[in-house]
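Since the structure comes first, as structure tokens, the remarks are kept for the end.
Whatever order the structure lists ligands and atoms in, that order sets their numbers, starting from 1. Numbering of residues begins at 1 and proceeds along the displayed sequence.
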Amino acid sequence: MPNYKLTYFNLRGRAEIARYIFAFSGIKYEDNRLQRADWLTIKSTIPFEKIPILEVDGIILHQSLAIGRFLAKETGLAGKTHLEQAQVDAIVDSIDDFISLFPWGEEDEDAKRAIQNNLFSNLAPGLLRNLEKYLGENEWFVGNSVTWADFYWDVSSSTLIVLKPDFAQNYPKLLALKDRVQALPGISEWIKERPETVM
Ligand SMILES: N[C@@H](CCC(=O)N[C@@H](CS)C(=O)NCC(=O)O)C(=O)O
């Protein structure tokens, strides 16, 4: 088993997808959570100067979804065939397109709230409707077993629910999928034991 070190802030954010995969798969890793001051001193030493990064036996991977996809492939959570993998990736990307529109770094609180409100009012319903339709009566988004797309829905929607508690309230199938993910072995324990952070 390689030596894994995941570096991010003390947040769920863009590292939580990797942490879910580690938790579900029972893989040990170092969960390195940086204070902002420490980050500023090491930022310039990191390729592409953004976190999360995952060190795999000392090789640095960046981009949370590249990290997630790599870990999913290593652990059988990426989809069973190339076709399923493309379906899984497309769900992850559809969710990420929306998440990436949020002004996470905006310091003007009024401007931030206005952009968020616009996204929740105008774009969220379409995404949620499409995700719920895609899931249909199935247990998981793709194929007949859980994949990291299901994990990504849970971690992403949990952050969005912090910003807007009723974000997914009209989508019972998507809420039930969150419950199924959160009840999975490894993940349910992780949710209880992880550091408590707002995001
Ligand atoms: N698309 C990248 C985004 C990486 C990113 O923007 N990371 C932020 C934290 S979520 C960061 O490093 N911020 C600190 C900085 O830019 O100095 C990913 O998914 O990993």
Side-chain angles (χ1 to χ4, degrees), residues 2 4-25 27 29-75 77-79 85-109 111-113 115-116 119-120 123-124 127 131 141 147-164 167 181 187 190-191 194-199:
Y4 291 117
K5 178 176 175 181
L6 180 69
T7 297
Y8 193 57
F9 296 121
N10 183 27
L11 296 171
R12 297 191 306 278
R14 286 193 168 275
E16 198 64 9
I17 183 64
R19 299 192 188 110
Y20 263 42
I21 298 172
F22 283 131
F24 181 70
S25 308
I27 294 174
Y29 68 106
E30 183 182 342
D31 190 14
N32 182 33
R33 292 169 182 249
L34 299 175
Q35 299 302 320
R36 194 152 278 275
D38 296 331
W39 164 238
L40 294 177
T41 65
I42 66 165
K43 179 175 165 78
S44 64
T45 70
I46 289 180
F48 299 90
E49 301 184 33
K50 296 273 180 203
I51 40 182
I53 55 164
L54 178 69
E55 289 168 71
V56 185
D57 285 338
I59 293 183
I60 301 179
L61 294 180
H62 68 288
Q63 286 288 351
S64 59
L65 299 186
I67 293 167
R69 191 172 297 113
F70 163 70
L71 292 174
K73 285 181 184 162
E74 291 287 283
T75 55
L77 288 165
Q85 289 174 12
Q87 292 177 295
V88 167
D89 287 348
I91 292 297
V92 169
D93 285 348
S94 297
I95 297 168
D96 197 65
D97 278 356
F98 183 64
I99 290 277
S100 295
L101 294 173
F102 279 74
W104 300 108
E106 176 61 65
E107 280 169 12
D108 177 335
E109 286 300 324
K112 190 170 184 167
R113 173 91 9 225
I115 299 169
Q116 281 175 188
L119 292 170
F120 281 124
L123 292 185
L127 173 67
L131 285 172
F141 274 127
T147 69
W148 73 295
D150 304 302
F151 293 1
Y152 200 63
W153 159 246
D154 182 49
V155 297
S156 302
S157 59
S158 293
T159 295
L160 296 171
I161 286 169
V162 173
L163 299 178
K164 191 172 191 295
F167 166 64
V181 170
I187 293 193
W190 169 245
I191 289 171
R194 69 186 172 190
E196 214 166 294
T197 59
V198 178
M199 293 259 169

Quiz prompt | Full working for side chain to side chain contact (heavy atoms under 4.5 Å, CB included) between Leu54 and Lys5 | solution = CA-CA 6 Å; Leu54 178 69; Lys5 178 176 175 181; 5.9 Å; no

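Between Val162 and Val198, the closest heavy-atom pair is CG2-O, 3.4 Å.
With hydrogens and angles left out, the side-chain atoms of Trp190 and Glu16 include a donor and acceptor closer than 3.5 Å. Tyr20 and Asp154 form a side-chain donor-acceptor contact under 3.5 Å, judged by distance and modelled atom types alone. The closest side-chain donor-acceptor pair between Asp96 and Tyr152 falls under 3.5 angstrom.
Taking each of Trp104, Phe48, Phe9 in turn, the one with a heavy atom nearest to atom 13 (N) of ligand 1 proves to be Phe9.
The shortest contact between atom 8 (C) of ligand 1 and any protein heavy atom is with Ile51 O, 3.5 Å. Nearest protein neighbour of atom 2 (C) of ligand 1, counting heavy atoms only, is Gln63 OE1, 3.1 Å. Taking atom 14 (C) of ligand 1 as the reference point, the nearest protein heavy-atom neighbour is Trp39 NE1, 3.4 Å. Of the protein's non-hydrogen atoms, Tyr8 OH, 3.2 Å is the one closest to atom 10 (S) of ligand 1. Nearest to atom 19 (O) of ligand 1 among the protein's heavy atoms is Ser64 OG, 2.5 Å. With respect to atom 6 (O) of ligand 1, the closest heavy atom belonging to the protein is Lys50 CD, 3.6 Å.
The cationic group of Arg33 does not satisfy the cation-pi geometry with Phe9, failing either the under 6.0 Å distance to the six-membered ring centre or the 45° limit from the ring axis.
Of all the atoms in ligand 1, the ones that sit under 4.0 Å from a non-hydrogen atom of Pro52 are 20 (O). Heavy-atom proximity to Lys43, at under 4.0 Å, picks out these atoms of ligand 1: 15 (C), 16 (O), 17 (O).
By the criterion of a heavy-atom distance under 4.0 Å, the side chain of Arg14, and not its backbone, is placed next to ligand 1.
Using a 30° and 60° split on the angle between ring planes, Phe167 and Trp153 fall in the tilted class, from 30° to 60°.
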